[in-house]
Student: 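Once you've had a glance at the structure underneath, I'll fire off some questions.
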Amino acid sequence: MSRKKWVVNEIDKALACEIADKYDIDPFAALLLVSRGITRSDEIEGFFACETLLSDPFTLKDMDKAVERISEAIENDEKIAVYGDYDADGVTATALVCEYLNMNGCRVVPYIPDRNSEGYGLNCEAIRSLCEAGVSLIITVDNGISALEEAEYIKELGMDLVITDHHKVGNAIPEAVAVVNPHRADCPSRFKHFAGVGVAFKLVSALCGDSEQALSMFADLVTIGTIGDIVSLTGENRLIVKKGLELLNSDTGVGIEQLKRAAGVSEKTMTSSSVAFSLVPRINAIGRTGHASRALELLLSEDYDSAGEIAAEIDRSNIRRQEIEKEITLEAQRQIEENPDMLNNRVLIFSGENWHGGVIGIVAARLVQKYGKPCLVITDDGKQAKGSARSIDGFSLYECVSSAADLLTHYGGHVLAAGFGMKSENLPAFKRAVEDYAKTVEMPFPRLEIDCRLRPDFITSDILEVIDSLEPFGAGNPQPMFGLFGMTLTGIQPIGGGKHLRLSFKKGTANATGLLFGVTQRDFAYNTGDRVDLAVRLERNEYMGQVKVSIYIKEIRMSGTDDELYLKSIRLYEKIMRKERLTSAQARFALPDRQQIANVFRFIRDCGGWTHDTDILCYRLGGDGSDAVRVLIAVDVLCELGIFRKEGESILPHNMENKVNLEDSALMKYLKNAGKES
């Protein structure tokens with residue numbers, strides 16, 4: 001995992017005490033609210049009020065027009081198409097509107113485009129086929145706001161169009177009977193953060209004339225789609241998801257129940273996290289590796305046996321998706337191993353022949369976690385290249401991709417995610433354009449936000465009640481992250497067949513144990529006795545009627561290191577490797593002396609090689625992290641002179657018997673000259 005800059009939120013403790021007294025809430029809950037900037041009366045009351053009324057759906061622009069046209073179609077027994085999308089948000093939105101129309105005896109034609117052959121949104125071929133099937137009204141869910149040409153084609157064919165969407169509105173709005181989108185500049189709706197299924201829910205609420213009744217019937221579908229689209233779980237979304245989780249844990253539909261069973265969570269209490277990690281990926285998977293219409297069929301199914309068969313099929317698709325994703329991720333990492341200089345780029349671009357276009361977005365997200373930089377993953381069939389990108393806070397992928405618009409056939413997205421396509425011949429120029437854009441902005445450091453510091457003796461089952469009161473968690477309201485600082489590591493125990501670790505640690509007289517997943521003892525860089533900081537999440541563990549706190553370790557670092565100094569030092573090293581112009585001060589700072597190189601040599605020699613992160617190497621050498629650039633330069637010089645060699649991410653002894661002259665190092669000469677030139 002990449003090294004992040006740890007940021008502990010500032011907390012006004014006096015304000016937290018005032019809030020706790022005024023609203024009669026737990027003082028620790030008040031502390032967490034203040035940590036997240038929730039301090040206004042309306043924010044606090046809205047956060048805890050389950051009985052908050054849903055807003056009037058008719059405050060959404062054009063809702064009256066949409067209801068009027070759909071009601072007319074219902075009354076006249078017209079054939080209505082519901083045109084959705086292939087992800088969890090789009091599938092649940094399609095299921096929601098279809099189920100409501102079916103309940104009202106409508107002739108409904110659901111349509112979800114094929115991800116690979118049709119792509120996102122309305123397309124003219126699908127529109128023509130719907131027209132030939134006798135459809136007179138098309139309702140879009142989770143798409144349509146950018147379908148200017150397609151809307152004209154629908155009108156030419158004599159059909160009507162009602163758009164419901166939540167994506168960014170462009171300079172022009174499609175010509176339709178109604179365009180319902182909270183992001184319209186002229187939309188008076190106060191809440192703007194609905195997912196596509198949330199806008200569809202407001203449509204159904206308006207059609208049935210009772211928002212509370214609609215919520216009681218469809219909250220489970222709206223919850224899955226809302227969590228799946230990672231929209232902010234604040235305001236109405238928070239209320240909807242709370243109700244949806246109740247429904248998912250009590251009286252959900254046949255299709256969802258079978259999906260829960262296939263995912264192995266039917267006997268567990270559903271939370272926002274379990275929805276996000278068990279149900280959403282399976283709905284998304286069938287749209288990536290098969291056709292999302294099967295997920296829609298499952299959600300609409302009322303037959304227990306057939307729903308079970310589809311759920312099993314979807315589960316197999318998810319397993320296949322994981323296999324494909326792992327294969328592509330490994331191929332991308334091999335590109336780094338074969339060309340380590342890639343890691344010095346500001347933005348990392350990976351491309352491969354005929355990679356599965358349905359999973360490259362997930363792969364990009366995993367690579368961002370590993371390398372701590374914006375990552376673009378591109379699949380190329382020799383004629384067309386298609387890409388998906390993920391970023392870190394502070395670097396806009398939409399602006400980055402937009403800077404190369406003249407090379408692209410299409411693109412879209414937002415700050416943290418983007419998709420794009422181009423002719424294969426434009427790929428080299430596109431890569432240069434991305435790096436050129438990155439040169440013009442201050443590249444951010446990856447951040448790890450910690451809600452508050454915590455003493456290990458404060459971790460009891462009581463704290464779980466406070467955390468539960470902040471549910472549901474998700475975008476805009478993440479699960480709390482706590483910092484355990486200055487802990488002494490006292491035990492390291494492999495578990496799960498050696499794939500994971502159980503770590504024991506203490507501070508003063510308090511002892512605790514936490515789980516670190518996905519790290520083997522061989523890859524673990526820390527030793528018993530080390531003083532470390534831990535970023536952890538706390539979760540409920542119920543067994544045999546007893547409730548205990550499970551501590552899940554998300555990040556670990558040596559205590560006392562300065563993240564910002566370390567990351568700035570790494571950035572200077574990358575700048576040197578890119579052969580960019582240095583100031584004399586930068587060159588002098590980066591140049592290790594003979595003693596520093598000797599120290600690096602002896603330490604790695606005595607260890608028999610080094611396979612861990614640079615920050616740990618700096619710590620073992622007695623530095624504070626700010627010297628990372630000199631440590632890395634020393635390693636490169638020793639490799640250049642044949643003393644060490646690099647194999648993947650490992651530094652291995654190579655030929656330590658030969659006498660070498662540091663003055664023969666081209667890298668040392670370069671740094672000395674760079675200092676003189678500037």
Student: Find the distance between NE2 (His654) and SG (Cys639) and round it off to the nearest 0.5 Å.
Tutor: 9.5 Å
Student: Is a side-chain donor or acceptor of Asn673 paired with a backbone partner of Lys669 at a separation under 3.5 angstrom?
Tutor: yes
Student: Pairing donors with acceptors under 3.5 angstrom, does anything connect the side chains of Ser424 and Asp380?
Tutor: yes
Student: Is it the case that Glu327 and Trp355 place a side-chain donor and acceptor less than 3.5 Å from each other?
Tutor: no
Student: Please confirm whether the backbone N or O of Ala285 pairs with a side-chain atom of Ser317, one donor and one acceptor, at under 3.5 Å?
Tutor: no
Student: Run the salt-bridge test on Lys439 and Glu435 with the 4.0 Å N-O cut-off and return the result as yes or no.
Tutor: no
Student: In terms of relative ring orientation, are His500 and Phe517 parallel, tilted or perpendicular, with 30° and 60° separating the classes?
Tutor: perpendicular
Student: Quick one: pull up CG in Asn181 and CD1 in Ile145 and give me the separation to the nearest 0.5 Å.
Tutor: 4.5 Å
Student: Calculate, to the nearest 0.5 Å, the distance between atoms NE2 and OG belonging to His193 and Ser232 respectively.
Tutor: 5.5 Å
Student: For the residue pair Cys98 and Val108, what are the closest heavy atoms and their distance?
Tutor: SG-CG1, 3.7 Å
Student: Please report, to 0.1 Å, the donor-acceptor pairs under 3.5 Å made by any side chain of residues 117-127, with sequence neighbours excluded.
Tutor:
from	atom 1	to	atom 2	distance (Å)
Ser117	OG	Asp114	OD2	3.0
Glu118	OE1	Tyr111	OH	2.7
Glu118	OE1	Asn123	ND2	2.9
Glu118	OE2	Tyr111	OH	3.2
Glu118	OE2	Asp114	N	2.8
Tyr120	OH	Asp142	O	2.9
Tyr120	OH	His167	ND1	3.1
Asn123	OD1	Glu125	N	3.3
Asn123	OD1	Ala126	N	2.8
Asn123	ND2	Tyr83	OH	3.2

Student: If you measure from the Lys or Arg side-chain nitrogens to the Asp or Glu carboxylate oxygens, is any gap between Glu442 and Lys568 under 4.0 Å?
Tutor: no
Student: State the CG-OG1 distance between Leu279 and Thr223, to the nearest 0.5 angstrom.
Tutor: 10.5 Å
Student: Would you verify whether the NZ or CZ of Lys579 falls within 45 degrees of the ring axis of Tyr670 while also being under 6.0 Å from that six-membered ring's centre?
Tutor: yes
Student: Do the side chain of Asp613 and the main chain of Asp615 share a donor and acceptor less than 3.5 angstrom apart?
Tutor: no
Student: For residues Ala628 and Ile570, report the shortest heavy-atom separation together with the two atoms involved.
Tutor: CB-CD1, 4.0 Å
Student: Checking side chain to side chain contact (heavy atoms under 4.5 Å, CB included) between Met577 and each of Leu632, Ile633, Asn345, which is the one that passes?
Tutor: Ile633
Student: Going by salt bridge (charged side-chain N to carboxylate O under 4.0 Å, His left out), name the residues that satisfy it together with Lys373, two or more places apart in sequence or in a different chain.
Tutor: Glu574
Student: Taking the basic N atoms (NZ, or NE/NH1/NH2) and the acidic carboxylate oxygens, is any pair closer than 4.0 Å for Lys646 and Asp636?
Tutor: yes
Student: Ion pair present between Arg578 and Glu580, side-chain N to carboxylate O less than 4.0 angstrom?
Tutor: yes
Student: Spell out, as yes or no, whether a donor-acceptor pair under 3.5 Å connects the side chain of His356 to the backbone of Arg288.
Tutor: yes
Student: Check for me whether the distance between the ring centres of His166 and Phe194 falls short of 6.0 Å.
Tutor: no
Student: I'd like a table of donor-acceptor pairs (distance under 3.5 Å, sequence neighbours excluded) in which one partner is a side-chain atom from residues 387-403, with atom names and distances.
Tutor:
from	atom 1	to	atom 2	distance (Å)
Ser388	OG	Arg390	NH1	3.1
Ser391	OG	Phe395	O	2.8
Ser396	OG	Glu399	N	3.1
Ser402	OG	Tyr398	O	2.6
Ser403	OG	Cys400	O	2.5

Student: Gln586 and Arg581: which non-hydrogen atoms are nearest, and at how many Å?
Tutor: OE1-O, 4.3 Å
Student: Does the distance from a Lys or Arg side-chain N to an Asp or Glu carboxylate O, for Asp186 and Arg184, drop under 4.0 Å?
Tutor: yes
Student: Regarding Arg321 and Asn318, is there a side-chain donor-to-acceptor distance under 3.5 Å anywhere?
Tutor: yes
Student: If you count the non-hydrogen atoms of other residues, nucleotides and ligands that lie under 6.0 Å from NZ in Lys423, is the total more than 12?
Tutor: no
Student: Would you confirm whether Ser650, through its side chain, and Leu652, through its main-chain N or O, come within 3.5 Å as a donor-acceptor pair?
Tutor: no
Student: Taking atom OG of Ser293 and atom CG of Leu300, what is their separation to the nearest 0.5 Å?
Tutor: 11.0 Å
Student: With no hydrogens and no angle check, is any side-chain donor or acceptor of Thr409 less than 3.5 Å from a backbone partner on Gly421?
Tutor: yes
Student: Has Thr329 got a side-chain atom pairing as donor or acceptor with Glu325's backbone, closer than 3.5 angstrom?
Tutor: yes
Student: Can you spot which of Ile360, Leu348, Val347 makes a side chain to side chain contact (heavy atoms under 4.5 Å, CB included) with Leu376?
Tutor: Val347
Student: Just checking, is any N or O donor in the side chain of Asn143 or Thr140 under 3.5 Å from an acceptor N or O on the other one?
Tutor: no
Student: In plain terms, say whether Glu337 and Arg334 are close enough for a salt bridge, that is, a side-chain N and a carboxylate O under 4.0 Å apart.
Tutor: no
Student: Is the closest basic N to carboxylate O distance between Glu313 and Arg316 below 4.0 Å?
Tutor: no
Student: Has Lys5 got a side-chain atom pairing as donor or acceptor with Glu564's backbone, closer than 3.5 angstrom?
Tutor: no
Student: Testing Tyr437, Tyr411, Phe420 for ring-ring contact (aromatic ring centres under 6.0 Å, His included) with Phe430, which one passes?
Tutor: Phe420
Student: Please name the pair of heavy atoms, one in Gly225 and one in Ala195, separated by the smallest distance, quoted to 0.1 Å.
Tutor: O-CB, 4.2 Å
Student: Testing the basics here: between Asp165 and Val199, what is the closest heavy-atom pair and its distance to 0.1 Å?
Tutor: O-CG2, 3.6 Å
Student: So which heavy atom on Val179 is nearest to which on Ile173, and how close?
Tutor: CG2-CG2, 3.6 Å
Student: Measure the CD1-CG distance between Ile224 and Asp229 for me, rounded to the nearest 0.5 Å.
Tutor: 13.5 Å
